[in-house]
Protein chains: 2
Amino acid sequence: MRVLVVEDEQNIAAAVDRGLRAEEFDVDIAENGEKALGLIRHNDYAVIVLDLMLPGRNGYDVCRTLRAAGITTPVLILTAKDGEYDEADALDLGADDYLTKPFSFVVLLARIRALLRRSTPQRSPVLRAGDLWLDPAAHRCGRGDERLDLTPREFGLLEFMLRNPDTVVSKTELLAQVWDAWFEGDPNIVEVYVGYLRRKIDTPFGRSAIETVRGVGYRLDAKGG
Amino acid sequence: MRVLVVEDEQNIAAAVDRGLRAEEFDVDIAENGEKALGLIRHNDYAVIVLDLMLPGRNGYDVCRTLRAAGITTPVLILTAKDGEYDEADALDLGADDYLTKPFSFVVLLARIRALLRRSTPQRSPVLRAGDLWLDPAAHRCGRGDERLDLTPREFGLLEFMLRNPDTVVSKTELLAQVWDAWFEGDPNIVEVYVGYLRRKIDTPFGRSAIETVRGVGYRLDAKGG
DNA sequence: GGGGATGCTGAGAGTCCGCTGAGAGACACG
DNA sequence: CGTGTCTCTCAGCGGACTCTCAGCATCCCC
């Protein structure tokens with residue numbers, strides 16, 4: 001668990017550093033915005049603790065730059081009670097939480113832990129095509145209320161097709177994506193597995209989500225057939 | 001991009017509303033389940049943000065009703081950490097993603113964007129000539145609402161002509177582009193396939209999108225005939 | 001209006017493509 | 001060591017598609 005602390009006041013930085021290390025975190029300290037952005041670019045932090053009042057590029061600036069670059073690492077803002085930014089600003093500029101100085105270290109630690117808890121279960125959303133659904137994270141899928149029992153290969157095939165609904169995917173593409181890029185066997189394997197899949201997701205329901213496009217490939221109907 | 005936010009807590013609803021509008025979304029707010037279902041029935045939302053704890057019909061109820069009605073709009077559930085429903089429930093009842101309160105707006109926005117990316121995959125543009133259309137990615141085509149069932153060769157021929165509307169293309173050019181550059185058979189094959197195509201895209205509709213230019217080739221009318 | 005050139009069309013044959021059932025090999029588990 | 005599950009290969013079938021060919025229609029120039 002790596003944490004970046006952006007803070008120019010030496011004593012605060014040192015205190016936080018010491019405290020977090022005692023809690024088994026890896027800590028990096030940046031004393032200004034430039035250094036912070038440099039570190040963030042080259043490291044993968046679990047949380048960033050960011051003081052707003054910094055020399056040069058301030059915290060406000062750092063946070064916006066960060067978000068603009070598509071970095072979604074949780075940011076905890078530190079503000080002075082009498083500062084020019086208030087809590088609303090802090091959240092508006094892309095922070096996930098804020099803390100007003102002075103704060104106790106226990107509170108800071110609690111907030112950091114809360115952010116970590118929240119950001120770790122990054123589950124991918126459920127894929128859908130009509131009443132056909134597949135949850136990649138839970139590795140479950142079904143049609144309507146009925147659960148479907150698929151083998152790993154069948155599951156992979158369906159997942160890939162659900163990620164490309166209403167698009168024809170060729171057998172070679174499927175081989176490369178669902179099997180592996182260097183697959184050298186008989187491409188007929190795709191037909192075989194499409195057959196298996198149909199017998200599980202279509203035939204029993206009298207539907208046809210997977211359509212054959214002769215000479216081109218297969219297409220999953222976005223409405224589920 | 002229209003988003004429905006179902007949330008009874010005024011301050012949260014207002015904050016989300018403000019944030020989403022700043023990001024160029026059209027936002028509707030519903031403060032209870034009844035109103036939400038009413039709005040959903042009459043509008044086409046890109047995403048629905050749904051709080052589970054609502055007065056009257058709760059979010060659980062709303063989501064199930066929605067799915068039962070065959071509406072597949074992505075739903076993002078908001079749950080309180082200490083609520084009676086957990087994430088597993090949220091996904092089981094037909095949601096696409098969930099977020100635990102408290103959440104930061106950036107995270108919410110990121111999740112909404114992820115759902116949008118999935119439901120509106122950027123696809124190659126659909127080719128058109130009047131009411132005649134062809135979607136290369138989905139490998140589908142039709143005239144108006146009517147779908148046309150073409151063989152691969154017919155499809156290739158129509159696609160090429162749609163990419164060169166109002167332009168005379170010679171038979172040798174068609175042979176080279178739709179068949180292959182080394183084609184050595186009877187060039188009459190082009191006439192044969194133009195015939196097949198006409199019988200599918202023109203004759204049944206009393207139209208004539210493909211015109212013969214004697215001694216030169218064929219031209220597809222950009223207005224679809 | 002004749003006649004050659006050009007384009008259209010129906011019939012049919014051969015080929016290619018995709019689907020399926022049977023079964024072998026790999027692997028995990030009891 | 002047997003049993004069950006999963007993955008993959010193979011061969012045959014049936015049907016869809018492509019293409020050829022020959023005869024007919026149409027156009028255009030003389």
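In what follows, every chain begins at residue 1, and chains take the letters A, B, ... in the order their sequences are listed.
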B:Asp28/B:Arg2 salt bridge by N-O under 4.0 Å criterion: yes
Phosphate OP1/OP2 of C:dT20: any A:Arg198 side-chain N/O under 4.0 Å: no
Can you tell me if B:Trp179 touches the phosphate of D:dC19, counting only side-chain N or O atoms and a distance under 4.0 Å to OP1 or OP2? yes
Nucleic acid contacts - residues 151-168 of chain B versus DNA chain D, non-hydrogen atoms under 4.0 Å: B:Thr151, B:Pro152, B:Arg153
Rounded to whole Å, the OH-P distance (B:Tyr193 to D:dT20) equals 10 Å
Could you give the CG-to-C1' distance, from A:Leu197 to D:dT7, as a whole number of Å? 15 Å
One thing to verify: whether B:Asp149 and B:Lys200 come together as a salt bridge, which I'm taking to mean a side-chain N less than 4.0 angstrom from a carboxylate O. no
In whole Å, I'd like the distance from the CG atom of B:Asp180 to the C1' atom of C:dC16. 15 Å
Note: contacts of residues 210-217 of chain A with DNA chain D (heavy atom, under 4.0 Å) are A:Arg214
Salt bridge or not for B:Arg143 and B:Asp131, using N-O below 4.0 Å? yes
Electrostatic pair A:Asp221:A:Arg207 at N-O distance under 4.0 angstrom: no
Going 5' to 3' along nucleotides 21-30 of chain C, which nucleotides have protein heavy atoms under 4.0 Å from the base (write B), which only from the sugar-phosphate (write S), and which from neither (write -)? S---------
Rounded to whole Å, please give me the gap between NZ in A:Lys200 and P in C:dT20. 15 Å
Is any NZ, NE, NH1 or NH2 atom of the basic residue among B:Asp97 and A:Arg128 found under 4.0 Å from an Asp or Glu carboxylate oxygen of the other? no
Could you check how far CG of B:Asp186 sits from C1' of D:dC19, rounded to whole Å? 9 Å
C:dT6 phosphate, OP1 or OP2: any side-chain N/O from B:Lys171 under 4.0 angstrom? no
First locate atom CG of B:Leu132, then atom CG of B:Leu158, and finally report the distance between them rounded to the nearest 0.5 Å. 5.5 Å
For B:Glu191 and D:dT26, what is the distance between atoms CD and P respectively, to the nearest whole Å? 15 Å
Taking the six-membered ring for Trp, are A:Tyr193 and A:Trp179 parallel (under 30°), tilted (30 to 60°) or perpendicular (over 60°)? perpendicular
Do the side chain of B:Arg67 and the main chain of B:Ile71 share a donor and acceptor less than 3.5 angstrom apart? yes
